[in-house]
Visitor: 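Before we start, here is the structure in question, set down as structure tokens.
Reminder, nothing fancy here: chain letters follow the sequence lines and each chain counts from 1. The structure presented is a predicted model; accordingly, all values stated were derived computationally and were not measured.
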Amino acid sequence: MTDALAPAEAATEPAAPAGGGGLGRYLAAKVGAALLSLALIVVLGFLLFRALLPGDAVRTMTRGRPVSAEGLAELERQYGLDLPLWRQFLRYLGNLAQGDLEQSYTFRVPVIQKIGERLGPTLLLVGVGTLIAVALGLWLGQRTAWRRDSPFDRTATGVALVLWSAPTFWVGLLLLSATSGLFPSGGITYPDTPPGFWPQALDTAHHMVLPTLTLVAVVYAQYQLVMRTSLIEEMHADHLLTARAKGLTDDQVRRRHAVPNALLPTVTLVFLHLGLVVSGAITVETVFSWPGLGLLISEALRAPDYPLLQGTFLVLAAAVVVMNLIADLLYRVLDPRVRAA
Amino acid sequence: MGRVRGRQWALGAVALVAAASAGIGAAGPAGAQERGATLRIAVTQEVDSLNPFLSYTRTGTDILRTVFEQLNTASAADMSPEPGLAERWEPAEDKLTWTYTIRQGANWSDGQPITAEDVAFTFDLMLTDEVARTANGSYTANWESVTAPDERTVVVKTKTPQTTMTALDIPIVPEHVWAGVDVGAEPAFPMVGSGPFVVTEFKESQYTRLRANKSYWRGAPKVEGIDFVYYKNSDAAVQALRNGEVDLVNGLTPTQFDALAGDADIERNNAKGKRFNELIMNPGAATADGQPIGDGHPALADARLRRAIAQAIDTKTLVDKVSGGYATEGGGYIPPLFSTYAWTPPADKARRFDLAAANTALDAAGYARGGDGVRVDPASGRPLDLRIMLHASKTFDTQSAQYIQGWLRDIGIATSLQAVSDNALNEATTGGAFDLVYSGWNGNPDPDYILSLQTCAARPNADGKGATPDSFFCDPDYDRLYAQQAAEFDPAKRAEIVKRMQEVLYDQAPMTILTYDNALEAYRKDRFAEFTVSPQPDGFIMNQQSYWGYYSATPLAGGAPSNTGTVVAVVAGAAVLLGGAVAFVLTRRRKATADDRE
């Protein structure tokens, strides 16, 4: 899951100097850009899957079942696939304007309902996973930077790099067979767990261990490495020398003077990554049959279930755009230099 | 200082690991062992819908067959029609009118009697409502009318003779539940049914829970219920079987199947399968009205070339090396499992693997070798350089294609391999844009559909829609025989015709059947007695044409019938885990504060 560094760099570039600046202008520019991206996503979401994904939805879905030519035609009519592409597009836009993401071919329920059902498990997995990864990454990043080139640094950085470059799928399966029988092999709860809140919650926690571990293992490295790099840059700053001269301990210097400055790029990265991580969970969800959005997408791709793909694409892409926007705004709040620019 | 911090870090890590393993130790094994007499089955395909009119996935229909009794059920022994809801059935002299006598004394799971009106209601719905035809409409497409003259009799009139009238794969629904309901909506649970089990809960992408139908007319099942648990990843499903989280798994790969051999608690079932793998040789793809489409190599229109290619493929090697022995060598079009209709090429007609003979045949047919050793098509002047298109996701395709490429090279045919996604492959096949392409189908007890794929009418219309073509084969003899078998109600006579059709296919070779896959299954023999397989003796437990496998599930004594233990253990385990984590964080914080004071 090597996703987030490039967009982070792009977004941390200072905003184009808007002559005269001002918060209002800055906001308007950023929000405008976000809206434009959203509009592009809407169009792309429709064209992308129809243009790039080969396959005939109706035939793939009915493959193996005895279905006559009339049956196929009837299904196409039900799905609106018999219409020319431009009319399908107009219909899609019309529905979208009313907040309707259309109906899934495979599940025959509104896409928005499907996404709603699956969002919860994904947010739970990704939320907990990201929290742990951020905490672990930032902590290791500081420690390794502060004691650069020590055996600890070498080991921790090496391990992080190895895990970061390992395929998610492989890490997941490895964990699964290594912990043989200690944790559930898939799903979010067992069917026979009593319905009360606590049994369900604890069973869910039990099921979450392996997917969370996998997710953390493959994403924490980027937080660690970015934190490490920015702290190393910070370490030679003059104000740290001043702090030491004041008689502060090494630890206090690190915590009070070095880390706050080094946190800036990392915070941006965290927010950017929040948008991406939902889609990044696809592989983890697939390995552990975690009933979230990622699993939904991989099912939708098989058909291909166009409305479902469009819907999930729209939601995931919008999440990235919104998180980008938040990162931009947050950066301005955190860093006085951007405000002054 | 550094050293002290390092030690603290290490201690903290050790503490966390210890806490975690304590929790794991308490939760893990218990979670696997104790459960009620519920059969837990891992399925690797998602249920699309449990609406009996809409579901067309393998898993969905498999579940629905155990929930809704059909008019006829397929016998366990050889999948031939056997009484289900219908005690008797009879076609009239005109071969168009069928009279079914409905069983007396059978009830729906809510206690209401099952009557002919329920059957007529279901069929009528499919005749009048487009949505109700979604999954099973092909059976009723040719029907004129349905009536229920009395409580026990259903009369169906068809427009032309239809052989599938005793193999109608249509769930019959209760009128008192479905009348006036939106037929496209998901049904409410528990779903009122007539089969050995009732669906009580459905969590999409997670599991489907079935409980025993105590009032089932054949007698209540011996298990309390069945849970179909969804695993997206089949390696995870196998792991779940090893751990005892599930009791039955199917769809195993040869590697997975072999790996389970050493496990004393697991019984494996190496069943003959319904599926065949074929290599289609584009015989000149055309639309239904005869317009050529696609870009197949013109030389493949020559049956002599197609036969030579078929002869150059060593199916025995494919079975042994690619399928690990878990397959049968290809022969006739219908898999040998369907013994009534299967046809094996007789010794005097069978093409045995023989590269020299294939070379001689190609020489004789005028395909002379060019300077690079590749033969040239005398008609078009094009070298025999063929594309082999295969499913990138299927191990069988990717591995066997290497062998086939080698053999074809030996007979002077150059090939390039194109591994693509399933959808891309299907699209290319439908459009005739291929030379050689992998395909495969699951057979049915009634051969009509699988045979129809090779008729002229199965070819698509001009825009590539309107039908599901397989090989674009179009042969008047074959089509005539197809029409004959469709009107022949005597199984023995029909089988004769069906075998002749397969002979035509074998001789014309628009495709060559490579292998019939075995169905590899495994179950926990420490928890369950042997299951009834179908067909017998080499059949499978899951994905039968009926419910015999699931209905026969017999829990063994000793499996603790309570899940309280599981929950207590899970609760305890998670509590320890959480406690450990909290304790770890707290110690870290205290130490950190101490550092600050230094």
Side-chain angles (χ1 to χ4, degrees), chain A residues 53-56 59-76 78 106-109 117 147 150 152 173 176-177 179-194 198-199 202-203 205-206 249-252 286-289 291 295-296 298-299 304, chain B residues 2 6 24 27-29 31-32 35-36 38 46 48-49 54 56 58 130-131 133-135 137-138 141 184 186 204-207 209 227 229-233 235-237 239-240 242-243 245 421 423-424 426-427 430 441-442 444 449 465-468 563 566-567 570-571 573-574 595-596 598:
Chain A
L53 267 191
D56 179 323
R59 267 211 202 84
T60 315
M61 282 191 292
T62 54
R63 194 167 168 85
R65 295 278 301 165
V67 179
S68 60
E70 296 80 40
L72 290 176
E74 219 165 79
L75 276 177
E76 284 193 344
Q78 283 183 30
T106 329
F107 300 105
R108 291 182 165 265
V109 295
E117 283 169 18
R147 289 160 51 201
S150 67
F152 171 70
L173 281 180
L176 193 59
S177 53
T179 59
S180 155
L182 301 179
F183 298 104
S185 314
I188 186 165
T189 51
Y190 284 123
D192 56 1
T193 306
W198 281 110
L202 288 167
D203 195 22
H206 191 203
T249 66
D250 191 44
D251 216 47
Q252 285 167 326
T286 312
V287 174
F288 294 101
S289 316
L295 201 59
L296 186 66
S298 72
E299 286 294 327
Chain B
I24 290 158
R35 229 180 301 115
T38 295
E46 198 161 358
D48 52 340
S49 162
L54 303 184
Y56 42 73
R58 199 176 57 241
E130 190 177 83
V131 176
R133 289 198 282 272
T134 302
S138 68
E186 268 305 292
E204 191 205 287
S205 277
Q206 299 180 45
Y207 53 78
R209 297 209 89 185
D227 293 340
V229 187
Y230 173 56
Y231 287 87
K232 172 78 185 168
N233 179 299
D235 287 321
Q239 190 67 46
R242 281 181 187 275
N243 298 350
E245 292 173 76
S421 75
N423 283 333
N426 287 341
E427 190 169 76
T430 310
W441 295 89
N442 282 312
N444 297 309
Y449 178 66
K465 304 262 179 204
T468 306
N563 61 17
T566 315
V567 177
V570 171
V571 170
D595 285 350
D596 265 351
E598 278 169 25

Visitor: Return the OG to CD distance between B:Ser205 and A:Glu117, rounded to the nearest 0.5 Å.
Guide: 9.0 Å
Visitor: Just one of B:Asn243, B:Asp235, B:Asn233, B:Val229 clears the side chain to side chain contact (heavy atoms under 4.5 Å, CB included) bar with A:Ser185, so which one?
Guide: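 Output: one option passes, namely B:Asn243.
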Visitor: Please look at B:Tyr231 and chain A and tell me whether the side chain, the backbone, both or neither of the residue comes under 4.5 angstrom of a heavy atom of that chain.
Guide: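 B:Tyr231 touches chain A through backbone and side-chain heavy atoms alike.
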Visitor: Below 4.5 Å, heavy-atom pairs only: which of A:Pro191, A:Pro291, A:Ser289 has the largest tally toward chain B?
Guide: A:Pro191
Visitor: Identify which part of A:Thr179 has an atom lying under 4.5 Å from any heavy atom of chain B, answering side chain, backbone, both or neither.
Guide: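 Contact with chain B involves no heavy atom of A:Thr179 at all.
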Visitor: Heavy-atom cut-off 4.5 Å, strictly under: side chain, backbone, both or neither for B:Gln206 against chain A?
Guide: side chain
Visitor: Give the member of B:Arg133, B:Glu204, B:Arg58, B:Glu186 that has the highest number of heavy-atom pairs under 4.5 Å with chain A.
Guide: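 When all of B:Arg133, B:Glu204, B:Arg58, B:Glu186 are compared, B:Glu204 has the most.
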Visitor: Show the nearest heavy-atom pair for residues B:Glu245 and A:Phe183, with the distance to one decimal.
Guide: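 So the minimum-distance heavy-atom pair works out to OE2-O, 4.1 Å.
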Visitor: Which bit of A:Leu295 comes within less than 4.5 Å of chain B, counting heavy atoms only: side chain, backbone, both or neither?
Guide: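 For A:Leu295, the side chain is the part near chain B, not the backbone.
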Visitor: Measure distances from A:Ser177 to the heavy atoms of chain B and classify the residue's part below 4.5 Å as side chain, backbone, both or neither.
Guide: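 Contact with chain B: backbone and side chain both.
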